[in-house]
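This report concerns only the one structure given below.
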Amino acid sequence: MKSQATMICCLMFFLGIECSHYKSKVHIKDGDKLQHPEGKLKTGRIQEKCQGPCIMASNCSQPCAQHFRGEIGFTCHQNKWQKSTETCTSLSVETLFKDFSSASRLSLAASSVPVHVLDFRAPQPVESVAQGILRNCPIDYACILDVVKSSEATSGNIAFIVELLRNISTDLSDNVTQEKMKSYSEVANHILDTAAISNWAFIPDKNASSDLLQSVNLFARQLRVHNESENLADELFIQAKGLRINHNTSEKKFNFSASMNSTTEGILGMIEIPRQELWKLSPNASQAISIAFPTLGAILKEVRSQNVSLPRPVNGLVLSVILPEGLKQVLFTFEKINKSRNARAQCVGWHSRKRRWDENACETTLEITNRVKCLCNYTNMVMSFSILMSPKSIDNKVLYYITCIGLSISIFSLILCLIIEAVVWSRVVVTEISYMRHVCIVNIAVSLLIANVWFIINSNFHKKAQDSNWCVALTFFSHFFYLSLFFWMFFKALLIIYGILVVFRRMMKSRLMAIGFAIGYGCPLVIAGTTVAITVPEKGYMRPDACWLNWDNTKALLAFTIPALVIVAVNLVVVLVVAVNTQRPSIGSSKSQDLAIIMRISKNVAILTPLLGLTWGFGVATLIEGTSLIFHIIFALLNAFQGFFILLFGTIMDHKIRDALRMRISSLKGRTRAAENASLSPTNGSKLMNR
């Protein structure tokens, strides 16, 4: 009876009549936990949060919506249930091939095949994706497209499709054709859609995005390019191109334009194989394949290294390239997604084994406002490249205006400070200590003035001077004069300690001058010169985007930051010593005397803070990733106006300089009056009449 019912149902199926009594049994391999099609699915709406008290770091789960298997995980964070994971899926090996049973295949030939020839046995079980594809659509893999593209891009379905593509790449990559690549790209495009990006975050396996990239590269590697140039895939969120190359061909380029969604303008990317690399190829023709991903950068999750504490956003296309053996270097041009003026870029390559971006894989050769050029090293482990946006970038017009206005006022103040020192010099340099004190102020002002001028030149002309000897010169002199500023401030601190501790025995002026210039200019010259000698041969002296010390490759910036921070720390100790040695209140002193002492200490600290460079201590806060903008504004205010503070606290607030200036002005007025009186005297009048 059972066999007869089966035969009748099959005959009805050939005639186009649905049979509700017969259901084909499809078995799947172990580990793919599925309910029978006739089994009861979980129903009910997805709850926004779990029921019950939310205790810190506690977890709970909720069932998926109807027709989905899996669950949604929640974690208690800040007294609220927040979604953490999701495994809701409607896809399975069974659903992929449910419309391709043996009966359905035979139905296509039912009109020409006699009934007694038909095989009415139950279809063979589909145990894996590879077996199902080989059985149903081995030529183009098209049998899985409709089911995949019609599925909702939930986190569970995304994870299933990633595993599906990985299985195809490992089990079905023997003879990859353009048709297979097209179907493969359509499946990948479905989970790379902009609308699906947010769901990637809830996949329990955080390596899923890296697995997807590696699977696509592995599958494309097996593709054979037959024409001079071929478009292998042209989906919205994944594009692939192929070229035939040999050692006689000129430079070869791949050009891409891919959008983040269907409405925005395309982001450009270009891959160029240099001529000198093509010379390494054998005479036989070879091929190169490239793939562009506009949205993958927002999905890739890298394994954090110890020196990377914040996520580094991708600021361009992710470009993969598959080259023949022997080719090592490739040129990339990336258009920036964020074209902000201060959004610095870092060229990187994705290390498939470490599952993170590798800064050592690429070198930035050019960076302008909207695009970046990179020279990258291609290996079997590093086949995909992009640009990262530095999380330290501060794009704020307030900082720009503070810097411009502050530097202008600072330069004017320093010039005025030097003029005042020149006017009163002979009246204020009486003792060795006072002489050296004013020598320090003059050299501090000169060093800061020249350093500020070099800073302005660097800011306005670094693009023209980049990759030239001019840029090396600009970087060297900026480094030298900023170091001179700090070392002269350090020498001033030593003079203060010398004045406090040494009372009866004084050093000769010539010796003090020799020590001062050796510290103020000799030490900076040694440090700046050594930095140039070590880093210039390795092309790691300057930043790729500005004429200033490099950090990313050689850490040359440490040759400035370490001496500066050490000097700031030492000078801070000196200020504390001065505060402690300020006149202490005697026994039975009045409150007014105590207040006067506090005011005196405050005045000393206020005067010494800009003169000893303590304001640069705020720079430590700005070096920490994720620092609030307020610290950057405070740092910009204090240091952009440092020249004004030196004029105010080092010159104008010095009563000796004020007295000398008044005497100088009175003397000039006296000379002017004497000259006027002399010109109006009777003797001069008679002489004029005689003439």
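In this text the structure is predicted, and so the values were computed from the model without any measurement.
- At distances below 3.5 Å, at least one donor-acceptor pair connects side-chain atoms of Gln287 with backbone N or O atoms of Leu223.
- A donor-acceptor pair is defined here as one N or O able to donate and one able to accept, closer than 3.5 Å; no such pair exists between the side chain of Asn199 and the backbone of Ser155.
- How far CE of Met181 is from CG of Asp140: 14.5 Å, rounded to the nearest 0.5 Å.
- For the pair Leu366/Ile368, a side-chain contact is recorded, criterion being any heavy-atom separation below 4.5 Å from C-beta on.
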*I would like to know whether Met389 and Asn338 meet side chain to side chain contact (heavy atoms under 4.5 Å, CB included); could you show each step before the answer?*
CA-CA 8 Å; Met389 185 170 63; Asn338 181 351; 3.3 Å; yes

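- Atoms CG and CG, from Leu236 and Asp193 in turn, are 7.0 Å apart once rounded to the nearest 0.5 Å.
- Within the 3.5 Å criterion, the main-chain N or O of Met381 finds no donor-acceptor partner in the side chain of His351.
- The heavy-atom pair separating Tyr184 from Leu165 by the smallest distance is OH-O, 3.1 Å.
- The two residues Leu172 and Phe219 make their nearest non-hydrogen contact at O-CE1, 4.0 Å.
- For residues 222-231, the side chain to side chain donor-acceptor pair (under 3.5 Å) pairs, not counting sequence neighbours, are Asn227-Glu230, Glu228-Lys252.
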Determine whether Trp470 and Cys547 satisfy the following criterion, side chain to side chain contact (heavy atoms under 4.5 Å, CB included), listing intermediate values before the conclusion. CA-CA 9 Å; Trp470 283 106; Cys547 294; over 6 Å; no

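- A salt bridge links Lys149 with Glu186: at least one charged nitrogen is closer than 4.0 Å to a carboxylate oxygen.
- Counting only residues at least two apart or in different chains, ring pair (Phe, Tyr, Trp, His ring centres under 6.0 Å) contacts with residues 319-339 comprise Phe332-Phe334, Phe332-Phe385.
- How far CD1 of Ile133 is from OG of Ser183: 9.0 Å, rounded to the nearest 0.5 Å.
- Between Cys374 and Cys347, the SG-SG separation falls below 2.5 Å.
- For the pair Thr170 (side chain) and Asn167 (backbone), a donor-acceptor distance under 3.5 Å is present.
- For Ser320, the side chain to side chain donor-acceptor pair (under 3.5 Å) partners two or more places apart in sequence, or in a different chain, are Asn217, Ser384.
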field: Trace of the side chain to side chain contact (heavy atoms under 4.5 Å, CB included) decision for Met542 with Val472
entry: CA-CA 7 Å; Met542 303 167 295; Val472 174; 3.9 Å; yes

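- Between Leu327 and Ile273, some side-chain heavy-atom pair lies under the 4.5 Å cut-off.
- For Ser150 (side chain) and Val147 (main-chain N/O), a donor-acceptor pair under 3.5 Å exists by modelled atom type.
- Under the 4.5 Å side-chain criterion, counting only non-hydrogen atoms from C-beta, Phe293 is in contact with Val216.
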query = Between Ile144 and Leu164, is a side chain to side chain contact (heavy atoms under 4.5 Å, CB included) present by the stated rule, with each step listed?
reply = CA-CA 10 Å; Ile144 62 174; Leu164 167 69; 4.1 Å; yes

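- Thr554 is not listed as a side-chain neighbour of Tyr541, based on a closest heavy-atom distance of 4.5 Å or more.
- Remark: SG of Cys88 is found under 2.5 Å from SG of Cys64.
- The OG atom of Ser257 sits 13.5 Å away from atom CE of Met270, with the distance rounded to the nearest 0.5 Å.
- Heavy-atom neighbours of Ile139 CD1 from other residues, nucleotides or ligands within 6.0 Å: at or below the threshold of 12.
- A distance-only check finds a donor-acceptor pair linking the side chain of Thr295 to the backbone of Leu192 [under 3.5 Å].
- Summarising the geometry, atom CD1 belonging to Ile322 is positioned 11.0 Å from atom CG belonging to Asn380; distances are rounded to the nearest 0.5 Å.
- Note: Ser290 OG to Leu323 CG = 9.0 Å, rounded to the nearest 0.5 Å.
- Listed here is the closest heavy atom pair of Phe97 and Val129: CZ-O, 3.8 Å.
- Contacts classified as ring pair (Phe, Tyr, Trp, His ring centres under 6.0 Å) and involving residues 193-215 (residues at least two apart or in different chains) are not found.
- Residues forming a side chain to side chain contact (heavy atoms under 4.5 Å, CB included) with Thr89 (at least two apart in sequence, or on another chain): Arg69, Leu91, Asn157, Phe160.
- Applying the side chain to side chain contact (heavy atoms under 4.5 Å, CB included) test to Ala233 and every residue at least two apart in sequence or in another chain returns Ser185, Ala240.
- Between Leu319 and Phe254 there is no side-chain heavy-atom pair separated by less than 4.5 Å.
- Under 4.0 Å is where a charged nitrogen must lie from a carboxylate oxygen, and between Asp171 and Arg166 no such pair does.
- In this structure the side chain of Gln329 reaches within 4.5 angstrom of the side chain of Asn377, judged on heavy atoms.
- Taking every heavy atom of both residues into account, Val314 and Ser386 meet most closely at CG1-OG, 3.1 Å.
- In this structure, the side chains of Ile245 and Leu281 come closer than 4.5 Å at one or more pairs of heavy atoms.
- Between the side chain of Glu335 and the backbone N or O of Asn370 there is no donor-acceptor pair closer than 3.5 Å.
- Here the shortest heavy-atom pairing between Ile158 and Ala153 reads CD1-O, 3.8 Å.
- Two residues are said to be in side-chain contact when any heavy atoms from C-beta on lie closer than 4.5 Å; Trp350 and Val318 fail this criterion.
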### Task
Test Arg355 against Asp211 for salt bridge (Lys or Arg N to Asp or Glu O under 4.0 Å), laying out the working first.
CA-CA 9 Å; Arg355 297 182 185 272; Asp211 290 340; 3.0 Å; yes

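- A donor-acceptor contact shorter than 3.5 Å links the side chain of Lys180 to the backbone of Asn175.
- Here the closest non-hydrogen pair linking Gly540 and Ala556 is O-CB, 4.0 Å.
- A salt bridge does not link Glu179 to Lys182: none of the charged side-chain nitrogens sits closer than 4.0 Å to a carboxylate oxygen.
- Between the side chain of Lys241 and the main chain of Asn255, a donor-acceptor pair closer than 3.5 Å is present.
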